[in-house]
Amino acid sequence: GSPEDLDRFQRVLERPQDVTAMLGLYAGMRRADVNIGQPLFVSGFPAPPALGRWTWLPIPLLVSSLALAQLTPLGWFGLVGALLFTGFISIRLYLPMKLWHQQRDVLLQALATARALHRQLPAPLLARAGLPPREALDTAASMLQPTLWGRSAGVAEYANLLFLTQYAEMVRQLKAMPAHLPALRQLVRSISELEADLAVLDDARAHQLALCTVDPAPDDTVALEGLRNPLLPSGAPVAVALGGEGLLLTGKNGAGKSTLLRTIALSVVMYRSFGVACASKARLSCRFVMSSMRIDDSLALGDSSHVAEAE
């Protein structure tokens with residue numbers, strides 16, 4: 001992780017009592033119907049559909065047809081034509097509107113989560129969480145909020161059938177999206193990174209694993225005390241010390257040689273990602289991890305590398 005990522009994780013690590021409460025703020029995000037990352041960071045949101053330019057037409061068309069119907073029966077033909085027009089637009093734009101509403105709902109939930117984090121995070125952690133300013137969140141939320149008619153399902157359906165209100169709203173919001181993309185990307189990235197930090201600590205606490213901060217060390221140093229494998233909570237803690245030298249690891253089949261190597265590698269990866277190790281004390285300086293293992297053992301099945309090779 002970057003220095004900013006490590007600093008943020010250290011701040012979260014200082015408040016283990018708040019982890020569960022902060023994770024609870026993400027409950028709505030976990031019920032999302034669509035993956036917002038694809039349009040937000042990769043493909044982009046679609047441009048307003050071409051037919052959207054005509055969504056303003058139903059209201060004047062219906063009003064003029066009703067006024068004409070008071071003067072001549074021909075006005076009723078205009079009314080039927082207006083209804084056919086709205087029906088055609090509705091059929092063509094229904095699926096794009098449905099997808100946009102799903103994406104919009106996820107963004108609104110992300111904005112609600114960020115607002116809650118702004119209220120509840122302690123100041124030192126909030127300063128390092130990387131959230132957009134509150135003003136940018138409020139502006140984006142105001143743009144994405146449905147209109148008053150759109151907030152009531154029954155009213156929205158009738159208003160949309162007659163006046164294409166939700167389709168016009170979709171066109172307006174999609175046109176405004178490019179101006180808000182930087183803030184929305186920063187928003188989703190920051191709350192996702194913070195959730196990853198919280199999830200690591202929550203999992204460690206659930207399995208009663210101790211995490212320690214890593215002290216700086218000379219190049220190619222690995223010094224771990226009370227080292228445990230986070231994937232094998234019942235394993236006994238061990239101590240490992242390497243000072244720029246290699247290690248020849250021997251032992252009988254099934255004794256745990258491969259598991260020990262993975263345990264060391266996991267702590268190095270956790271150090272590089274979060275600045276912590278699954279140990280009681282750690283000094284690390286490894287800049288990378290390389291491995292080569294042609295046979296897959298399995299902790300879940302209890303198969304050692306020897307057993308896996310024999311099978």
Side-chain angles (χ1 to χ4, degrees), residues 25-66 77-116 132 136-192:
L25 302 177
Y26 288 84
M29 293 290 294
R30 299 192 188 99
R31 295 192 293 268
D33 295 326
V34 294
N35 176 14
I36 200 61
Q38 179 71 21
L40 198 58
F41 296 102
V42 182
S43 61
F45 291 94
L51 284 175
R53 72 185 67 176
W54 303 108
T55 52
W56 62 271
L57 192 56
I59 293 179
L61 197 59
L62 286 170
V63 171
S64 60
S65 297
L66 286 173
F77 290 100
L79 184 61
V80 172
L83 293 176
L84 289 174
F85 172 78
T86 58
F88 171 76
I89 297 293
S90 297
I91 292 171
R92 295 297 300 271
L93 297 185
Y94 174 74
L95 290 180
M97 183 192 71
K98 182 179 179 181
L99 176 60
W100 167 244
H101 281 181
Q102 290 174 330
Q103 295 170 339
R104 183 188 66 182
D105 290 345
V106 177
L107 291 174
L108 285 172
Q109 185 58 58
L111 287 163
T113 301
R115 284 171 159 177
L137 297 179
D138 293 341
T139 302
S142 177
M143 184 274 292
L144 290 170
Q145 282 290 349
T147 60
L148 186 60
W149 285 8
R151 296 174 192 175
S152 174
V155 175
E157 290 180 6
Y158 285 108
N160 209 33
L161 179 63
L162 294 175
F163 308 123
L164 302 179
T165 53
Q166 289 185 309
Y167 298 109
E169 178 184 81
M170 174 185 68
V171 171
R172 173 181 59 80
Q173 291 172 340
L174 286 175
K175 285 182 178 179
M177 276 299 292
H180 296 276
L181 273 180
L184 291 173
R185 285 171 177 163
Q186 181 186 355
L187 160 70
V188 173
R189 185 182 294 112
S190 60
I191 64 176
S192 299

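For this chain, numbers begin at 1 and follow the sequence in order.
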Considering all heavy atoms, the nearest [X]-[Y] contact:
X: A110; Y: L187; answer: O-CD1, 3.8 Å
X: P182; Y: P178; answer: CD-O, 3.8 Å
X: A140; Y: H180; answer: CA-ND1, 3.8 Å
X: P49; Y: M170; answer: CG-CE, 3.8 Å
X: Q109; Y: G28; answer: CG-C, 3.5 Å
X: Y26; Y: I191; answer: OH-O, 2.8 Å

* Asked: Are any side-chain N or O atoms of Q173 and backbone N or O atoms of L144, one a donor and one an acceptor, separated by less than 3.5 Å?
  ->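 At least one qualifying donor-acceptor pair exists.
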Is there a side-chain contact between [X] and [Y] in this structure, where contact means two heavy atoms from C-beta onward sitting under 4.5 Å apart?
X: R53; Y: V171; answer: no
X: P132; Y: S190; answer: yes
X: F163; Y: T55; answer: no
X: M29; Y: S192; answer: no
X: V106; Y: D33; answer: no

Straight-line distance of [X] [atom1] to [Y] [atom2], nearest 0.5 Å:
X: L107; Y: Q102; atom1: CG; atom2: CD; value: 12.0 Å
X: Q103; Y: L108; atom1: CD; atom2: CG; value: 12.0 Å
X: L137; Y: Q186; atom1: CG; atom2: CD; value: 8.5 Å
X: L184; Y: I36; atom1: CG; atom2: CD1; value: 8.5 Å
X: E169; Y: L164; atom1: CD; atom2: CG; value: 12.5 Å
X: R189; Y: L40; atom1: CZ; atom2: CG; value: 8.5 Å

* Decide yes or no on side chain to side chain contact (heavy atoms under 4.5 Å, CB included) for M177 and M143, but give the supporting numbers first. => CA-CA 9 Å; M177 276 299 292; M143 184 274 292; 3.7 Å; yes
Cut-off 3.5 Å, no hydrogens considered: what does the side-chain donor-acceptor table look like for residues 81-94, sequence neighbours left out?
unit_1 : atom_1 : unit_2 : atom_2 : d
T86    : OG1    : A82    : O      : 3.4
T86    : OG1    : L83    : O      : 2.8
T86    : OG1    : L161   : O      : 3.4
S90    : OG     : T86    : O      : 2.8

* Asked: Around R30, counting heavy atoms of other residues, nucleotides and ligands shown, do more than 12 lie under 6.0 Å from its CZ?
  ->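 More than 12 within 6.0 Å, yes.
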* Kindly determine whether L51 and Y167 satisfy side chain to side chain contact (heavy atoms under 4.5 Å, CB included), including the steps that lead there. => CA-CA 10 Å; L51 284 175; Y167 298 109; over 6 Å; no
